[in-house]
There are 2 protein chains.
Amino acid sequence: MEKYSVVGKRLPRLDGLAKATGEAKYAGDIILPRMLYGKILRSPYPHAKILNIDTSKAERLPGVKAVITGKDTKEMKYAQGDGLVADQYPLALDRVRYIGDEVAAVAAIDEDIAEEALDLIEVEYEELPAVFDPEEAIKPGAPQLHDHAERNICWKTLLKHGNIEKGFRESDYIREDRYKTVTVHHCQMETHAVLASFDTSGKLTVWPTCMGVHQRRNLLSEILKIPESGIRVINPYVGGAFGGKFVLLSLDICAALLSKKTGRPVRIVYTREEQFTTTQTDYSIIIEFKSGVKKDGTLVAQEFKAYSNKGAYSGIGPLSTYLLAVYAIGTYKVPNIGGETCSVYTNTPTSGPKRSHQNPQLRFALETHLDMIAEELGIDPVELRLKNATQTGDTFPTTGKIISCGLSRCIQKTAESMNWKEKRGKLPRGKGIGMGCTYFFGGGAKLPPLFSPSSAAFVKCNPDGTVNLLSGYVDTGTGAGSMYAQIAAEELGIAADDIKVTLADTEVTPADVASHLSSACYATGNAVKAAAADAKRQIFEVVAEKLEANIEDLEAKDRQIYVKGSPERRLSFSDAVKVSLYEKVANPILGRGYYTPGVPFGNFETGEGGWSPTYVFANAVAEVEVDEDTGKVKVHRLAVAHDCGFAINPMDVEGQFEGSASMAQGQALFEELRFEKGQVLNPSFLEYKLPLSLDTPERISIAVESIDPKGPFGGKEAGEGSTATTVPAIANAIYDAIGVRIKDLPITPEKILNALKEKGGK
Amino acid sequence: MEKYSVVGKRLPRLDGLAKATGEAKYAGDIILPRMLYGKILRSPYPHAKILNIDTSKAERLPGVKAVITGKDTKEMKYAQGDGLVADQYPLALDRVRYIGDEVAAVAAIDEDIAEEALDLIEVEYEELPAVFDPEEAIKPGAPQLHDHAERNICWKTLLKHGNIEKGFRESDYIREDRYKTVTVHHCQMETHAVLASFDTSGKLTVWPTCMGVHQRRNLLSEILKIPESGIRVINPYVGGAFGGKFVLLSLDICAALLSKKTGRPVRIVYTREEQFTTTQTDYSIIIEFKSGVKKDGTLVAQEFKAYSNKGAYSGIGPLSTYLLAVYAIGTYKVPNIGGETCSVYTNTPTSGPKRSHQNPQLRFALETHLDMIAEELGIDPVELRLKNATQTGDTFPTTGKIISCGLSRCIQKTAESMNWKEKRGKLPRGKGIGMGCTYFFGGGAKLPPLFSPSSAAFVKCNPDGTVNLLSGYVDTGTGAGSMYAQIAAEELGIAADDIKVTLADTEVTPADVASHLSSACYATGNAVKAAAADAKRQIFEVVAEKLEANIEDLEAKDRQIYVKGSPERRLSFSDAVKVSLYEKVANPILGRGYYTPGVPFGNFETGEGGWSPTYVFANAVAEVEVDEDTGKVKVHRLAVAHDCGFAINPMDVEGQFEGSASMAQGQALFEELRFEKGQVLNPSFLEYKLPLSLDTPERISIAVESIDPKGPFGGKEAGEGSTATTVPAIANAIYDAIGVRIKDLPITPEKILNALKEKGGK
């Protein structure tokens, strides 16, 4: 008999039909009676003083109901959730710092009038010198964006473990490399949108695009100075987030203030151009790695230095800076390791987390750097990685024990499935195969006070044997809600279809750590499991009495509660709920449960400590073909193996692998938000290139199940960590194919042709 | 120091502002995208066969999206919640039984087109003989409405306790009277409405006018054959229910079916005429009472017989019939008591519960009957009542012990406050004073399977010290939601304003016994208190550890948690939640609680058993002036005393007394839904007379607090029971004023003049 009935099964998404039919409503779809349409006026300059704003003409335009400027938000300087760097106003007070910076907002009876009103707002600017490159911005004498940030340093993390100098002295071989990545965007299909509505009691209801309703509520509470319970955040469907909807943006505050001013609901929906130019982008990073190894490939010492382009404002800069350092240290055992990560303000859009949070950039650097070391030592890249790979029971330099780790199995499985041994270095010219590995946070994190430190869930049992499950988690499109149905169903011994899931409404669902750092399965999944177990315990009490059995002897499966070993002594789940309701004291069987990642915060300055209760590991192998005449790269096959702990829904897990691989493929080969003096040149899908269906390789998705001892049914994370493996896998495959190294992303045909020309020239 | 900080206080309603500003949305206010408007075609005959229905013309009318008839609902014969008499289809299958009976329904893009479509539906009827009076209908040979109901008897309850014949033999004085009441209506300001919407997954969401969302869900689940969890019932604001929105009506099914057929949301809102003619009315009842008493006024035996007009369908007929019998037996100690109640089908609209559920009619009979006995015996009516009044510790003939009873205090208090002794029988001709008493169910009831046997609540604590409370109760306008905030706040030691209450959404709020038989305070209030206590226990655990104190020594008050006797050792409520979240294991403090009225069902046929865990008692004294030239009655002063156990919110309790007295005043003096051959003649507020502000007497509201040992803070019920006292108080006062007895309601000027003429003639 199989161990599980519901988890581990390839079940369709519960929300699939609603999404496929267009019935699913996103924030920008919601219409309320008397609703107004908001638009935001933005700075045309990358850096300027605001001398004066005259809104009088805009206010006189018929149909315009309110205009707000920096004066209305001057008490609202805010930090995002980490609470560390408060450097931004919802609307610029006296200075703008990037092209797109928010200057004023308008609410009108339709979008055209709102747009027209923006044109009527007269803003007098005095341009200031601007800086766009982090290495320029950090130089003495560069234009300084924020008074608090000397040399434009937003945050710096200095991590050190072991004796790095000694490590290098003891190494047989030392190598240094420098890499550069560009700005890319999440390209969520749904642009940012928000609907805000104050009622007469002063209560604010918000339908945002976000990744955590409780987090969003708490931030709004801080900024607007309304008690938490005076704000209700309800999450509609989300059309992809990928980290980009983690922070609150100007529109969220503006919609609320415009609603307060007008007494009417106000909706703001960003255009695709606004999405590209004014929502958070991914970080562009300059990364240097220096490694010392023994002849046999054993890593002895490693040092890194990374400058990331923070853009105009901090966002969650300290967290990002810390993470970039932390991600450098966990995939392999390196006894002496350290480095510096630094985020630097420039006059470009603010950057922030994107799926795997800078890890793809970092792995691009580190994993190609390792491949070069392997080549120099004459060791197969697979062997080098297996030799150094982290194992279950190891300890990370700055944090606790690794309680489950399937990295070596990931490496072996992809290598096998892609015939690595037969192919690596042996394919005809123009064809190549390459590998990349990573680790990632696998169980969410306990974040500072503005975030809930735990996830919780309620379970309500209905007499017909169905169950309502309430969780505060935001399903950004990953299928988390369906996963919770599976987890609760397995625990209760019923079917996933029997569970109706209500997610993410601060008024009715319990708090949640929010969708971040892969919290979905481990943090919220464990809370859901605990709530279901609490309900099951109550049901078992009823059944034990009814069947005259011991509670410990009962088992829930197939909508029945059995006495183990005597399957004829049973009560259906539905009957058990009915017995509790109608024969006993009418206990309606309400379960509650919570789970906290529990690990104390890491130190953002030293990288010490850790956040996640567990970690995931992943590996990708890509097989490519490079056309040496055109420089075009075709990815033929791609295998992704990811230690997801346990695949609650293998189909969904594979979907995550495939989605993340696609995103990584874009970052490796196509994607770049191009700038000229701070101006985005390609803010549309016509000009910003994403991989399309014809670019999709043949895929092999391998869920490696390390069965985490504390994860729900052993589950951890899927689809965030793996993003980071495909970028270096493709880069390393290109080298295997044509023997040139491109050290800056994306690896475009032009760069390949140039590199080939240069190599040929030599 | 006062015992309580929050309960017992005159706090304003939490929903007051929303209602006063019009922000509150009722079912008929909700608009969904693509919504259609539904209308129902009704029978023009009181009794007829349907030979044929042709909907083709209606279907061809542009804008009409669906037409349904009895064919679409032929598998849906249903009973209301008691599950006993299934005699009705959502749309008539082959026979109509009253003028207004539902024959077909239409959904169209606007109301005008829907109305026009009704005119295009061709129905061929064959008229049948009809019967309108229960005493006629019960006769052999009368037209029979339902095959299952011989002599048109819907339900009969035969209750017997003691030896009635012996009782009469032992009596010194025996008296018999016969009374008659007419059909009145609840006259809710909000007419019945429903919005139903099926989604692509087959899930139905309903915004109805109802009194219990879980009850409504379960009924819809039964009738539509959808699992309970496939239906979500969300209750909007309710504009008054008074029992009339307890049952499900045809519109509820029709809207759902039309939505299913069209794939679009469908809303049906009844017109005032539909409200008067096709929603459930109150019962008209013929009541006979026979009492045997000792010379000193001690009641020895009582016998009753009552025929109520059930109208065309059962509704909750068995329950109503049972209750009518049960209500006859509890206010006074009568050792030998019994009788028969019988509900009889006629070709008139179906009748059902209305505030105090037939008790006003019953008390009109019994309390005026008692006054006549008192007169005959030369005993003051107050003394007669005090002598026989039920006391705490007494046992009802058919049920358990009375655990709290303030009836004698009610009688004494109103008599005192109205100067009874100085006035009764001593006022100048044309002026009079009269009294009426009652008992009523005070703690809700545990109803059959389609109703939840318990009420439950969730409590979520926010780190800012506010609390979300989730309860399935429907606040029909009574202020129950605000009361729950008070109860939870008192338990948690915070302010009522700190509590945000979410009510009545089957998806997110726990199940509830539904708003019926005064369940609000006792049943749901106890559940709320239990959930808050559960949260408090968790908070106390945290605080005890933090303050190094014993849990038993802690006290919660004024948003603080103190060590008793050492008020300086304290933690604010908000800090306690924060400590739990951020210093301990991140327990988010989720409370849950439930309560069941617990008493087994009464036997509908014998009246044995009982439902309510406790009972309330009430008394009214009215002072009236009768103009003997015009017959007009002016109620000058009215005192109502009601043993509500404990007034959680005295202002709200008084509001309930006043509202119920107004309703009773209308029933006593003005209200009658007049019929001619089954046709309602006065279905509008122009012709159906209600008491207006100028008719309002000076009022004295007295909350008698018997402090129920099991009620939340001692609370029971307010405003339902008291309705029944004012009708006989006014009738008895009229007799005191002019010496004539009107034994049929309403006591109109015409009846008074006729009675005076008759008396004068004698």
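Letters A, B, ... mirror the listed sequences (proteins, then strands); counts begin at 1.
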Segment of [X] engaging chain A (4.5 angstrom heavy-atom cut-off):
X: Glu23(B); answer: side chain
X: Asp534(B); answer: side chain
X: Ala457(B); answer: backbone
X: Thr509(B); answer: backbone
X: Arg217(B); answer: side chain

Nearest 0.5 Å, what's the [atom1]-[atom2] distance between [X] and [Y]?
X: Asp497(B); Y: Ser229(A); atom1: CG; atom2: OG; value: 9.5 Å
X: Ile31(A); Y: Ile31(B); atom1: CD1; atom2: CD1; value: 11.5 Å
X: Asn587(B); Y: Arg592(A); atom1: CG; atom2: CZ; value: 8.0 Å
X: Lys25(A); Y: Leu32(B); atom1: NZ; atom2: CG; value: 10.5 Å
X: Thr506(B); Y: Asn462(A); atom1: OG1; atom2: CG; value: 8.0 Å

Lys710(A) NZ: over 12 foreign heavy atoms closer than 6.0 Å: no

Tell me which of these, [options], has more heavy-atom pairs under 4.5 Å with chain B than the rest.
options: Gly16(A), Pro453(A), Ser454(A); answer: Pro453(A)
options: Asn218(A), Leu17(A), Ile499(A), Thr596(A); answer: Leu17(A)
options: Pro463(A), Gly593(A), Ser201(A); answer: Pro463(A)
options: Thr502(A), Leu590(A), Leu581(A); answer: Leu590(A)

Can you tell which part of [X] gets under 4.5 Å to a heavy atom of chain B, answering side chain, backbone, both or neither?
X: Asp29(A); result: neither
X: Lys203(A); result: side chain
X: Val513(A); result: neither

Find the one option among [options] whose heavy-atom pairs under 4.5 Å with chain A are most numerous.
options: Thr21(B), Asn468(B), Val467(B), Thr466(B); answer: Asn468(B)
options: Leu14(B), Val585(B), Asp464(B); answer: Asp464(B)
options: Ser455(B), Pro510(B), Ala456(B), Ala20(B); answer: Pro510(B)

Minimal non-hydrogen separation, Pro588(B) against Tyr594(A), with atom names: CD-CG, 3.3 Å

Nearest non-hydrogen partners of Leu470(A) and Val508(B), listed with the distance: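 Smallest interatomic distance, heavy atoms only, reads CD2-O, 3.6 Å.
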
